[in-house]
Each structure stands twice: as structure tokens, then as C-alpha cells.
**Q** 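Attaching a single structure in C-alpha cells format; questions to follow.
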Number of protein chains: 2
Amino acid sequence: MNSISPKTIERLILYRRILLGINPDEKSHIYSHELAKMTGFTAAQIRRDIMAVGYSGSPVHGYNTQAMINSISDFIDAPEVQNVALIGVGHLGRAVLNYFKGRRPKLSIVASFDNDESKVNRVIQGCRVIHTNELEKSIKEMNIQVAILTIPAESAQEIADRVISAGVKGILNYAPIKLHTPPDVYVENRDMIMAVEKAAYFARQKMSEESFYELHT
Amino acid sequence: MNSISPKTIERLILYRRILLGINPDEKSHIYSHELAKMTGFTAAQIRRDIMAVGYSGSPVHGYNTQAMINSISDFIDAPEVQNVALIGVGHLGRAVLNYFKGRRPKLSIVASFDNDESKVNRVIQGCRVIHTNELEKSIKEMNIQVAILTIPAESAQEIADRVISAGVKGILNYAPIKLHTPPDVYVENRDMIMAVEKAAYFARQKMSEESFYELHT
DNA sequence: TTAACGTTGTTATATTTTTCACAGCAAATA
DNA sequence: TATTTGCTGTGAAAAATATAACAACGTTAA
Ligand SMILES: NC(=O)c1ccc[n+]([C@@H]2O[C@H](COP(=O)([O-])OP(=O)(O)OC[C@H]3O[C@@H](n4cnc5c(N)ncnc54)[C@H](O)[C@@H]3O)[C@@H](O)[C@H]2O)c1
Ligand SMILES: NC(=O)c1ccc[n+]([C@@H]2O[C@H](COP(=O)([O-])OP(=O)(O)OC[C@H]3O[C@@H](n4cnc5c(N)ncnc54)[C@H](O)[C@@H]3O)[C@@H](O)[C@H]2O)c1
């Protein structure tokens, strides 16, 4: 069994994103080195990744953009729509709802939850807010497999436990806390402060690289 | 020259985050296997990473939490405060400002920018909004090295070019677009839709793993 | 027709990253 | 005192990931 690396998955998702931005009437085919330029990866890597999804291009014209999108989608997407829940309709939660709406055909935020009575039952960004009392029930009913957590860190572990008990297998966690989850659940952490710290660190590295080059040229 | 891997940097940032959450009066020391439990990495990996920053623990008591925080901070943080700008004071931008405020001593969002006249000069989340006309000027004046982009994809490349021309070396990009930047600039992309796609993909993988185990046990 | 070209698919190679395994050591225990 | 215990630090091995290299093959141009 020849499983595909997580890194490759990430890149495939990016390729698709980029290909979707290309007008197929203007550009029906694309070469690996063009994609390399656009993504910052090497052409060899891109060919490798494409190989993994079982699509083949033409040595003459390169890859057919539409066919490549389809192959990647067959690989990445579920055959049917996957339902997503958002928990915590605060500043961040609203921004996410607003941004996500209708962007991906195979992924749909079908429910949002909050424990703030003043928000419950209001329709925010096209999605009625459900009280977290009904979290497990609703998740099961709607067959939700993925949850986005935009709640304070204090509540995140409890809510994670509860959505997992209701059958969620994938979590996108924006709370600044490391969740403790069973091995059959995938967690992607998106801590913004850690992201800024990382960017700041590498910004400094880049600065010293630059002075290095200046010294040696 | 024995440079440290980006993966190690990410983990170090996480270790610090976790250590900062521990009360040093209750727990002055910690073992690698305890950190392993908390982070989900292996104990060996953690020892390796700690080695990289030049800190040593005691074989008897493990690592001193405060000393370890200090060593990591010496390694990750700039000696002086690094200034950060946020561009695009919309839904997401506001959430970021609100969340970030005062969390990290060595990182400070000192300016926010927008091109919407109705926002300019208003103080939003404790930060006065500056018109993007003054982007380059202000960035230079305030010696800003890191920028957070929370603007629509259409404007992102232009703004990126401009902040780079003004001296920014690290970008945290929330717009769903792959930026084209010179090699001496570090870009961290945080596309939320790609993150959900990834979580959804691995959620399905986890589901099939589970049925695999069920079949074979 | 023939040669040169440019690209893919894929194998081989190199590099990076993680894990393993254990010496060394201080404390606890017998 | 001698032995066991349980940790760190680290060299060696393994696994994962990325790069390089090139045969195969239509297309173009001579
Ligand atoms: N704001 C950001 O940009 C940002 C970035 C990264 C991470 N975060 C984190 O994301 C989380 C949310 O940030 P925010 O700015 O939207 O905060 P917020 O206070 O605006 O929103 C939090 C929402 O969660 C709800 N909530 C609280 N406890 C709950 C519970 N137990 N069950 C259900 N709902 C609950 C609140 O009613 C509120 O609506 C925080 O953990 C924050 O640290 C925020
Ligand atoms: N909302 C989210 O959760 C989310 C998540 C990921 C990515 N994004 C992306 O982040 C960006 C912002 O999202 P949002 O929900 O905050 O949108 P928004 O429309 O609420 O905010 C965008 C802000 O950027 C400002 N702006 C537009 N063009 C500008 C320019 N050229 N210079 C300066 N300011 C400019 C606007 O005036 C507005 O204040 C979008 O690209 C969106 O796709 C959003």
C-alpha cells in the first residue's frame, strides 16, 4: 500500500487552487516548470506530485489544466459533500463564515454553534446559530465530519471532546492550545501568534542572510 | 555552519507556548517525555530540539522550565522588540488586532492600514488606522519588519510589493493567493480554505483507517 | 528524412528529518 | 557499599522527502 505523503497533499491542494485561477480558454495547458514558477516548488517535485494522483500530461503540451483539476479533485475531495461545523461565532468565527461561504462545492459549513444566548437562533452570515447544548445531537443528525474551532482556549478541549464523541474526525483549531485527541482524529492547529513568531524569526534570518551576501559580493 | 530546521523552529515555538502555561511554583522542572505527552511529538525529538538551542537539562530533574523558556526565547526572539504592521482592517483584520494585543512582549502590532476612507484615522482595537497612501513612509519610519496581510486577494500582490519595497522581510499572508516575492523575504501563507480542505481530507483518511482496524481485529 | 529540441514519467541519488539505542551519570534503594 | 532506576545527550540507523538525471517520444526545423 503506497500511501501519499501529507506534504504532497498540501501541495496538490495548492496546485488546484492555482489552476482554478487560470482561465482555460486562455490557457488550456501548463508545463511543470510554469507551475514551479507559480508555486515556488521545483518542476521535478510537481511532476512527482502529479504522478501520485495518477494523472499524465503530454510531453508536448504539458498538463491539461481542466483534466488536472479533475484528477486532483477526484483524489482530494470526498465523492459526496462533506459537512463542516463552526463552533464559536465571535470575531474570528464570523470572518470565517463570511469568507468560506460557497467557495468550495464539496465542503459546506452547515451549522454554527455558540453558547451565548444572545447569538443563538440568529442567522449570522447565512447560517443559523445553534446552542451548544445541542452540539452532539446536531452533529450526528447532519453527519458532520469536520469542525472549525473559533472559541476561547479555555473551552476548546471540552468542545473538542464533545465533537469527537459525536463523530467528528477532522478539527481545524484556532484556539491557542494543544488539543489532546485520540489517534483516529486529525487536528490542524492554526495559532496566529505562533505564525507571527515564525514569520518574525525568519524575517530576521533573511535579514542576516542579506548582510552575509553583501559582505561576500 | 549548522543551521536549524524550520520544523524545529515551529516546535520550539510550541514548547515555549506550553511552558509559559505552566506555573513554575508548582512545577519547576519537566521531563522530555512529559513534554512529549503534551505536544504529541516523541521524547527523542524534543531532546534533539532542545539540544539545538544549546540548553541542557539535568538527567535527574529534567529541564528547568524557566531556563528552558529563556533559552528558547534567546534563540527565537529578536533582542529588541520587532514591529509588526497589519494591512486590511476588515472582519479578519479586526479579529487579529483584538486577539494579538499585548500577547507577546517582543512582538508588537504598531500600525494598521486600510484604503477605506471611512476607517482611516479611527482607532480600531487600540490601533489608529493609517491610509495606505502612507504605507511605505510609515513602515520605514516605524522600522517595521513583519506584515500581516488581511486584504482581499486582488490587492495582496500589490501591497506585498509595496511593503517589501519599504523593508519588510516577513509576511503572514491570509489572502488566498500565492505571492511572488524575492528570495530574501519570508512568506507564511495561511489560507483557511486550504486548511479546511486538508482537515477534511485527513478526516476521511482517519475514517478509513478506522474501518481497516475494525476489519482486522 | 534526419537531427535537434523540450517535456514528461520514473528511476536513482541526495538530503533532510525522525527515531532508535545506549553510554553516562546522579539519586534512590537494598 | 553495590545495585537498580530513570533520565539526558548524542551517534548511528531508518524513514521521509526532495532533487537530479535521463530515456522515451512527439514536434519542429533543416
Ligand atoms: N481573533 C483572532 O484572530 C484569533 C486568531 C487566532 C486564534 N484566535 C482564537 O480564536 C478564539 C476566538 O477568537 P475571537 O476573536 O473570535 O473571540 P470572540 O470572543 O470574539 O469569540 C468567541 C466566541 O466563542 C463563544 N464561546 C465561548 N465559549 C463557548 C463555548 N463553551 N461553547 C460555544 N461557544 C463559546 C463566545 O460566545 C463567542 O461568540 C480564541 O481562542 C482566540 O484566542 C483568535
Ligand atoms: N475572513 C476570513 O476568515 C478569512 C480567512 C482567510 C482568508 N481571508 C482572506 O482575508 C482577506 C480579508 O478577509 P475579510 O473577511 O477581513 O474581508 P473584509 O472585506 O472584511 O476586509 C478587507 C479589508 O481590506 C481593506 N482593503 C481592501 N483593499 C485594500 C487595499 N488595496 N489596501 C488596503 N486595504 C484594503 C478593505 O477596506 C477592508 O477593510 C480576504 O482576502 C479573504 O479572502 C479571510
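Because the structure is predicted, anything quoted here is derived from the model rather than measured. Reckoned from all heavy atoms, side chains included, excluding hydrogens, waters and symmetry mates.
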**Q** Between B/E197 and A/R16, is the closest basic N to carboxylate O distance under 4.0 Å?
**A** yes
**Q** Between A/Y31 and C/dG9, is there a contact of a side-chain N or O with OP1 or OP2 at under 4.0 Å?
**A** no
**Q** Roughly how far apart are A/N83 CG and A/E141 CD, rounded to 0.5 Å?
**A** 12.5 Å
**Q** On DNA chain D, check which nucleotide each of A/V60 and A/P6 is closest to and give me the residue with the more 5' one.
**A** A/P6
**Q** Does anything in residues 7-27 of chain A come within less than 4.0 Å of DNA chain C? Heavy atoms only, and list the residues if so.
**A** none
**Q** Taking atom P of C/dT17 as reference, at what distance in whole Å does atom CD1 of B/I4 sit?
**A** 11 Å
**Q** Considering just the side-chain nitrogens and oxygens of B/S32, establish if one lies under 4.0 Å of OP1 or OP2 belonging to D/dT8.
**A** yes
**Q** Tell me, which of residues 34-57 of chain A have any heavy atom that sits under 4.0 Å from an atom in DNA chain C?
**A** A/R47, A/R48, A/M51, A/S56, A/G57
**Q** Side chain of A/P59 only, heavy atoms from C-beta on: which candidate in C/dA27, D/dT27, C/dT7 is closest?
**A** C/dT7
**Q** Looking at A/K27, I want to see if its NZ is surrounded by more than 12 non-hydrogen atoms of other residues, nucleotides or ligands under 6.0 Å.
**A** yes
**Q** Could you tell me the separation between the CD atom of A/Q66 and the CG atom of A/L19, rounded to the nearest 0.5 Å?
**A** 9.0 Å
**Q** For the pair A/Y201 and B/F75, name the ring-plane relationship: parallel under 30°, tilted 30 to 60°, perpendicular over 60°.
**A** parallel
**Q** Salt bridge or not between A/E136 and A/K140? Use side-chain N to carboxylate O under 4.0 Å.
**A** no
**Q** Taking any heavy-atom pair under 4.0 Å as a contact, classify B/H33: base, sugar-phosphate, or nothing.
**A** sugar-phosphate
**Q** More than 12 heavy atoms of other residues, nucleotides or ligands under 6.0 Å from NZ of B/K101: is that the case?
**A** yes
**Q** Indicate whether any N or O donor in one side chain lies under 3.5 Å from an N or O acceptor in the other, for B/Y15 and B/D49.
**A** yes
**Q** From NE2 of B/H61 over to P of C/dC25, roughly how many Å is that when rounded to an integer?
**A** 17 Å
